[in-house]
Amino acid sequence: MARHLITSALPYINGIKHLGNMVGSMLPADVYSRYLRQRGHDVLYICATDEHGTPAELAAKEQGLPVAEFCAQAHDAQKAVYDGFALAFDYFGRSSSDENREITQHFARKLNENGFIEERAIRQVYSPTDGRFLPDRYVEGTCPHCGYDKARGDQCENCTRVLDPTDLIDPRSAISGSTDLEVRETKHLFLLQSKLQHEVEAWVSRHEADWPQLASSIARKWLTEGLHDRAITRDLDWGVPVPADTWPELAAEGKVFYVWFDAPIEYIGATKEWAAGNPEDRDWKSWWYDVDTDVRYTEFMAKDNVPFHTVMFPATELGVREPWKKVDYVKAFNWLTYYGGKFSTSQKRGVFTDQALAILPADYWRYFLIANAPESDDSSFTWEHFTATVNKDLADTLGNFVNRVLSFSRKRFGDDVPAGGEPGAAETKLGEEIATLLADYESHLESLQFRKAAAALRALWSAGNSYLEEKAPWLEIKTDKDGAALTLRTAMNLIHLYSVVSEPFIPSSSATMRAAFSLADDTAAWVTEAEAKSLTTVPAGTPFTVPPVLFAKLTDEDLETYKERFGGEPA
């Protein structure tokens with residue numbers, strides 16, 4: 001089987017993320033990783049908190065904590081939420097790790113040796129009020145391209161254009177709010193992306209036809225506009241320090257690398273963290289170094305992260321002149337909005353991941369988010385849509401099927417799977433349908449079409465309900481007890497099948513369904529076509545239990561409570 005390296009965009013350290021962050025990177029990566037593992041592939045899913053740069057310093061300042069202490073606490077808090085969502089990372093690291101510092105400095109030295117880093121004197125924003133140079137994210141103002149009045153000095157989150165602080169209209173300090181800003185001269189390191197333009201262009205050309213249009217169009221837009229040399233150092237107290245053996249003057253000034261230089265390198269650093277000190281024989285380099293024909297590398301991210309992963313980081317890897325693994329497939333997502341507007345912590349609008357888990361179990365959220373993933377366009381979260389999806393798909397289609405099959409069988413036949421007669425035309429027809437739907441489901445997951453995969457999974461669940469309605473064992477038992485027993489045994493096999501194939505979407509509920517049957521040796525990782533057609537995995541006589549209700553229906557009262565707590569349509 002193939003080896004699959006999977007990464008998702010690193011979540012910033014400054015606070016718990018909202019549902020849009022979850023569905024735009026980590027959750028679909030988890031679904032895909034789980035599916036590949038079930039199919040027998042060797043999978044390494046790596047992620048980490050992105051801990052350097054202005055957001056960390058500002059958030060630590062707000063809480064009155066040293067930045068290192070703040071980041072350690074915030075990492076643990078984020079990891080707890082991701083554990084709550086059942087994200088099965090192989091490793092969830094930290095970009096402030098020793099491993100990332102070592103590899104980032106190695107990359108910088110190699111780029112310098114190869115002529116792709118240059119020290120330049122630049123004019124930079126200085127705040128007399130704060131007594132310091134202001135890195136790009138410490139400067140806020142109005143975007144000159146779209147007029148957004150809360151643009152940062154590195155990028156406008158509204159139009160995604162990359163900026164310099166001096167581009168902003170009416171700039172102000174993000175520390176003090178002061179508009180008394182000056183422009184002074186200082187020195188920084190620049191990555192000479194302009195010298196790598198043709199190499200990056202050739203690399204993108206070899207891959208973009210396979211990428212989603214969203215990813216390829218963003219990469220192509222950057223290349224068409226031309227790659228510019230970019231400063232890769234900043235004046236911050238927290239970050240990967242510029243190595244003194246190569247740039248002693250800048251190191252003495254306390255320069256650190258720009259967060260967008262070291263953050264993608266943390267994918268490699270986190271893999272080295274994963275291997276470090278582990279009793280198993282883990283060779284981290286076998287995933288990253290000189291492995292282009294052995295490992296398939298897939299990245300998951302929202303559209304605002306695409307330029308850095310399709311252009312800037314590949315340029316870095318190319319300039320190092322070492323055979324580091326480059327991404328094969330970029331799965332890019334649009335944005336999830338809240339009633340068509342932005343999620344906002346300050347305005348208390350929208351659902352954040354810790355809040356979501358406090359309301360309902362993770363599987364409710366996992367299924368809804370993936371079933372409505374913003375793949376082809378932005379998608380909007382509304383409580384009405386969420387409630388309707390939970391009630392129709394999870395509570396009625398899947399949950400009710402499981403409960404009524406097991407409860408009715410236990411009531412009429414006891415605690416063991418009933419035997420009944422031999423399968424007939426209805427069972428043959430059902431098996432063929434299930435095998436076809438399963439193949440569709442597999443195909444969509446293989447091609448990373450998550451909304452289509454959710455629709456195929458929903459169709460699998462619906463097929464069981466249609467079979468049950470057609471056979472109507474509650475009526476069948478009055479005239480043909482063996483026939484009713486066959487119907488229930490077939491339906492129980494469907495429940496077991498659902499428990500296996502639904503695991504990438506709803507792992508906790510899948511485990512509950514699977515545990516309902518006391519099979520002597522239930523080690524099935526997936527369902528074959530033959531097993532789908534025969535539906536005989538759970539034989540007659542197998543003890544079973546009726547699990548608690550898998551999914552509770554949400555009421556109109558619940559809907560109104562959620563809207564009142566989190567806000568409805570944005571003003």
Side-chain angles (χ1 to χ4, degrees), residues 1-6 26-46 83 85-91 274 280 282 287 294-296 298 300 362-363 366-367 370 398 402 417 430-450 452-454 456-461 463-464 489-539 542-544 547 550:
M1 289 291 183
R3 302 173 73 209
H4 286 269
L5 174 63
I6 296 172
M26 290 174 283
L27 181 55
D30 179 72
V31 171
Y32 186 55
S33 298
R34 285 176 176 275
Y35 169 73
L36 291 175
R37 290 189 192 105
Q38 286 186 267
R39 299 309 303 273
H41 296 286
D42 189 4
V43 176
L44 184 63
Y45 176 21
I46 293 292
D83 287 345
F85 268 86
L87 300 182
F89 303 116
D90 287 284
Y91 191 77
W274 162 78
E280 299 176 24
R282 291 179 174 175
W287 290 93
D294 182 35
V295 174
R296 178 170 173 79
T298 306
F300 291 79
D363 282 357
R366 288 178 62 102
Y367 175 78
I370 292 296
L398 178 60
V402 172
V417 175
L430 173 66
E432 293 288 345
E433 181 182 9
I434 292 296
T436 299
L437 292 172
L438 180 59
D440 290 342
Y441 179 54
E442 293 169 352
S443 174
H444 295 318
L445 283 174
E446 295 283 352
S447 60
L448 287 82
Q449 297 294 317
F450 291 100
K452 290 181 179 179
L457 181 59
R458 186 187 311 122
L460 279 164
W461 299 341
R489 189 180 80 235
T490 303
M492 289 185 188
N493 271 277
L494 277 177
I495 293 172
H496 187 271
L497 180 145
Y498 296 159
S499 77
V500 176
V501 302
S502 303
E503 193 266 346
F505 278 70
I506 48 172
S508 177
S509 304
S510 293
T512 298
M513 286 188 282
R514 195 160 184 166
F517 302 102
S518 299
L519 289 170
D521 187 24
D522 189 7
T523 59
W526 197 248
V527 177
T528 66
E529 180 183 5
E531 289 168 340
K533 288 181 177 180
S534 65
L535 294 171
T536 56
T537 299
V538 182
T542 302
F544 73 90
L550 289 178

Would you check if the side chain of Thr436 reaches a backbone N or O of Glu432 as a donor-acceptor pair within less than 3.5 Å? yes

I'd like to know if the side chain of Arg514 reaches the main chain of Val500, judged simply by a donor and an acceptor atom lying under 3.5 Å from each other, with no hydrogens or angles considered. no

For the residue pair Ile370 and Pro28, establish whether any side-chain heavy-atom pair is separated by less than 4.5 Å. yes

Shortest non-hydrogen contact between Pro547 and Thr512, atoms and distance: CB-CG2, 3.6 Å

Considering only heavy atoms from C-beta outward, does the side chain of Tyr498 approach that of Ile506 to under 4.5 Å? no

Any side-chain heavy atom of Leu445 within less than 4.5 Å of one from Val31? yes

Just verifying a value: how many Å separate His496 NE2 and Leu519 CG, rounded to the nearest 0.5 Å? 5.0 Å

Any side-chain heavy atom of Leu535 sitting closer than 4.5 Å to one from Leu497? yes

Nearest 0.5 Å please: distance from the CD atom of Glu503 over to the OG atom of Ser509. 11.0 Å

State whether the number of non-hydrogen atoms from other residues, nucleotides or ligands found under 6.0 Å of Glu446 atom CD is greater than 12. yes

Residue pair Tyr367, Trp461: steps toward the ring-ring contact (aromatic ring centres under 6.0 Å, His included) verdict: CA-CA 13 Å; Tyr367 175 78; Trp461 299 341; 5.5 Å; yes

CZ (Arg3) and CH2 (Trp287) are apart, to the nearest 0.5 Å, by 4.5 Å

Using side-chain heavy atoms (C-beta onward) and a distance below 4.5 Å, is Leu438 in contact with Glu531? no

So does Ala456 get a backbone contact from the side chain of Asp440, meaning a donor-acceptor N/O pair under 3.5 Å? no

Parallel, tilted or perpendicular: which describes the rings of Phe300 and Tyr32, with under 30° parallel and over 60° perpendicular? tilted

Going by heavy atoms in the side chains, are Ile495 and Val538 under 4.5 Å from each other? no

Please evaluate residues Glu442 and Arg39 with respect to the criterion salt bridge (charged side-chain N to carboxylate O under 4.0 Å, His left out), reporting the C-alpha separation (whole Å), side-chain torsions for both, the decisive distance (0.1 Å), and the verdict. CA-CA 10 Å; Glu442 293 169 352; Arg39 299 309 303 273; 3.6 Å; yes

Does a side-chain heavy-atom distance below 4.5 Å link Pro539 with Val417? no

Can you give me the closest heavy-atom contact between Ile6 and Ser33, atom names plus distance? CD1-OG, 3.2 Å

Does Ser499 reach the main-chain N or O of Met513 with its side chain, forming a donor-acceptor pair under 3.5 Å? no

I need the Phe450 CZ to Leu27 CG distance, nearest 0.5 Å. 8.5 Å

Apply the side-chain contact (heavy atoms from CB on, under 4.5 Å) test between Ile434 and each candidate in Asn493, Val501, Leu460; give the one that qualifies. Leu460

Between the CG atom in Leu398 and the CZ atom in Arg458, the distance rounded to the nearest 0.5 Å is 12.0 Å

Distance from Asp294 atom CG to Leu5 atom CG, nearest 0.5 Å? 11.0 Å

Using modelled atom types only, decide if a donor and an acceptor are shared between the side chain of Arg366 and the backbone of Pro504 within a distance under 3.5 Å. yes

Nearest atoms (heavy-atom pairs only) where Val527 meets Ala532: CG1-N, 3.8 Å

Could you tell me whether a side-chain N or O of Asp30 sits under 3.5 Å from a main-chain N or O of Ala88, the two making a donor and an acceptor? yes

Sole residue of Arg34, His4, Met26 in side-chain contact (heavy atoms from CB on, under 4.5 Å) with Tyr45: Met26

Check whether Arg282 reaches the backbone of Trp274 with its side chain - one donor and one acceptor, N or O, closer than 3.5 Å. yes

